[in-house]
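The structure under discussion appears below in the form of structure tokens.
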There are 2 protein chains.
Amino acid sequence: MTAPAIRSGRAVSEGGSRRLILDMAARLLRSGGYHQTTLREIAEAVGIRKASLYHHFASKEEIVEAVVTDGVRFVHEAVAAALEAAVQAGPRQRLEAAVAAHLSALHGHGDYTSAAIKVFTFGSGPTPQGVRLSRRLYEDVWRGLVAELQQAGAIAPGRSPEALRLFLLGAMNGSIDWYRPERFDIGVLSREFAALVAPDGQGIAS
Amino acid sequence: MTAPAIRSGRAVSEGGSRRLILDMAARLLRSGGYHQTTLREIAEAVGIRKASLYHHFASKEEIVEAVVTDGVRFVHEAVAAALEAAVQAGPRQRLEAAVAAHLSALHGHGDYTSAAIKVFTFGSGPTPQGVRLSRRLYEDVWRGLVAELQQAGAIAPGRSPEALRLFLLGAMNGSIDWYRPERFDIGVLSREFAALVAPDGQGIAS
DNA sequence: TCGACTACCTACCGTCCGGTAGGTAGTCGA
DNA sequence: TCGACTACCTACCGGACGGTAGGTAGTCGA
């Protein structure tokens with residue numbers, strides 16, 4: 001009685017299965033983290049048998065790594081693009097744009113970025129080197145931005161740049177626990193974040 | 001050949017087994033979260049067989065709940081005591097004291113508080129009602145403190161108090177991912193945190 | 001001394017995990 | 001038309017999971 005679904009050899013999309021697997025894995029990883037997410041769940045969400053996942057990926061780790069790498073790359077590119085678009089703006093506006101881009105990548109777009117944060121903020125699963133590297137590179141974007149803000153005098157003198165960066169990233173990533181699109185607006189939140197780090201009346205513009 | 005260890009009926013301490021189990025569970029939960037921590041690991045760390053855990057607790061959930069509840073209560077009491085001790089100080093000093101108490105509970109003391117955050121920041125395991133309640137009560141402490149700061153004019157006008165509280169808690173709890181006692185000083189960090197939320201030159205003292 | 005009780009133990013349960021072996025239907029270039 | 005290839009399938013593996021059944025030493029009050 002269980003409808004066997006339409007099976008048709010090459011299925012609907014050619015080669016799209018890999019993306020579909022990653023999409024479903026990202027969704028499940030986002031809500032459950034590494035250990036709660038099982039290959040059976042992923043396979044079921046995709047609509048195939050668990051063993052078929054091994055036709056596209058060699059292991060669970062490989063699937064998770066692909067999701068996490070994509071997630072980090074996505075938020076990295078979004079923030080880099082936002083900073084490039086605001087290259088002529090003042091430091092405060094650049095900060096606000098970067099924060100908005102980060103939060104949008106986290107909440108507005110797919111599940112990849114949230115999944116990435118869930119997975120390696122847990123510290124649960126094994127963290128491959130490629131993931132560590134891409135994460136490091138993304139952190140450097142913020143390191144650079146904080147340094148730029150400090151150089152422009154936009155942040156209060158005496159603040160530790162490293163503490164500032166950790167505070168900011170931690171607070172933004174922590175929003176996956178409380179952000180609800182109907183309760184908060186990313187633009188408003190970004191202004192709040194930026195105002196904390198670079199208060200009004202500070203910097204070259206004043 | 002496997003040394004059967006010293007078995008002696010009532011063992012070393014009377015009734016202390018329960019605490020020992022929770023101590024070990026807290027340590028494991030802190031580093032592994034809910035799903036990675038197994039009853040076998042806990043039992044091994046304690047030095048008893050897995051089935052013996054059920055003499056003290058009815059289920060894994062009950063153990064985890066006890067650890068989490070203790071962790072929240074500990075940080076709650078620490079922050080409340082710090083605020084009480086600084087009842088005569090200015091708002092900025094009170095904020096700094098609360099932040100220092102929270103961070104100390106997280107990093108300076110046992111594993112309970114970090115375990116609590118790891119467990120329900122994951123959103124992994126089931127969250128019993130008792131845990132939700134104690135967490136809510138603790139959040140109210142910060143809600144009250146932010147309101148007090150706002151009333152005293154210590155934070156910039158126009159800031160959303162709820163956003164401020166969420167940022168602060170998120171950033172502090174995020175520190176479990178990067179805090180290392182040899183790289184950071186809790187006193188210094190607390191001053192950094194407080195300076196962001198309640199910048200100098202603001203409030204009744206100026 | 002003897003029953004109740006405490007704090008453990010060994011042995012086992014069904015279930016689910018990630019992963020593997022080997023098969024099969026459809027597609028496509030030669 | 002036919003072999004190679006792709007994309008899936010069924011069936012199974014050993015092992016780990018949380019949890020249960022039932023037993024056994026030691027303690028202690030009556």
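Side chains included, hydrogens not; waters and symmetry mates left out as well; all remaining heavy atoms used. Here the structure is a predicted model, which is why all the values come from computation and not from measurement. Chain naming here is simple, since letters A, B, ... match the order of the sequence lines and numbering starts at 1 in each.
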- Item | Atom pair distance, as rounded to whole Å: CZ in A:Arg40 and P in C:dG19 | 11 Å

- Query: What's the closest nucleotide to the A:Lys60 side chain, out of C:dG19, D:dC8, D:dA11?
  - Reply: C:dG19

- Task: Please determine if a side-chain N or O atom of B:Ser17 lies less than 4.0 Å away from the OP1 or OP2 oxygen of C:dA7.
- Result: no

- Message: Strictly below 4.0 Å, N to O, side chains only: are B:Lys118 and B:Asp111 in salt-bridge contact?
- Response: no

- Among the nucleotides D:dG18, C:dG19, D:dC8, whichever has the atom closest to the side chain of A:Ser59 is C:dG19

- Given DNA chain D, 5'-ward residue of the pair A:Lys50 and B:Glu41, judged by closest heavy atom: A:Lys50

- Between B:Ser52 and C:dC9, is there a side-chain N or O to OP1/OP2 distance below 4.0 Å? yes

- Message: Counting only side-chain nitrogens and oxygens, does B:His55 get under 4.0 Å of the OP1 or OP2 atom of C:dC8?
- Response: no

- Message: What is the distance, to the nearest angstrom, from the CG atom on A:Leu20 to the P atom on D:dA7?
- Response: 13 Å

- A:Ala51 side chain, from C-beta outward: closest of C:dT20, D:dC8, C:dA7: C:dT20

- Task: Indicate, with a heavy-atom threshold strictly under 4.0 Å, whether B:Thr38 touches base, sugar-phosphate, or nothing.
- Result: sugar-phosphate

- Mate of D:dG29 across any strand shown (Watson-Crick or G-U wobble, both atom pairs under 3.5 Å) is C:dC2

- Taking NZ, NE, NH1 and NH2 as the nitrogens, is one of them in A:Lys50 or A:Glu44 under 4.0 Å from a carboxylate oxygen of the other? no

- With nearest nucleotides of DNA chain D determined for B:Leu39 and A:His56 from heavy-atom distances, which residue corresponds to the more 5′ nucleotide? A:His56

- Rounded distance (Å) that lies between atom C1' of D:dG18 and atom NE2 of A:His35: 17 Å

- Assign the ring pair A:His76 / A:Tyr138 to parallel, tilted or perpendicular, where the plane angle (0 to 90°) is split at 30° and 60°. tilted

- Task: Take the protein atom CD of A:Gln36 and the nucleotide atom C1' of C:dC17, then report the distance between them rounded to whole Å.
- Result: 14 Å

- Query: Take atom CZ in B:Arg30; do more than 12 heavy atoms of anything else shown fall under 6.0 Å from it?
  - Reply: yes

- Measure from CD on B:Glu61 to C1' on D:dG19 and round the result to the nearest Å. 11 Å

- Task: Answer yes when B:Glu139 and B:Arg135 have at least one side-chain N-carboxylate O distance shorter than 4.0 Å, and no when they do not.
- Result: yes

- Task: Give none if D:dA11 has no partner; otherwise give the nucleotide forming a Watson-Crick or G-U wobble pair with it, both distances under 3.5 Å.
- Result: C:dT20

- Check the distance between D:dA16's C1' and B:Glu44's CD and give it to me in whole angstrom. 14 Å

- Message: What is the distance, to the nearest angstrom, from the OH atom on A:Tyr54 to the C1' atom on D:dC12?
- Response: 14 Å

- Query: To the nearest angstrom, how far is B:Arg49 atom CZ from D:dG18 atom P?
  - Reply: 17 Å

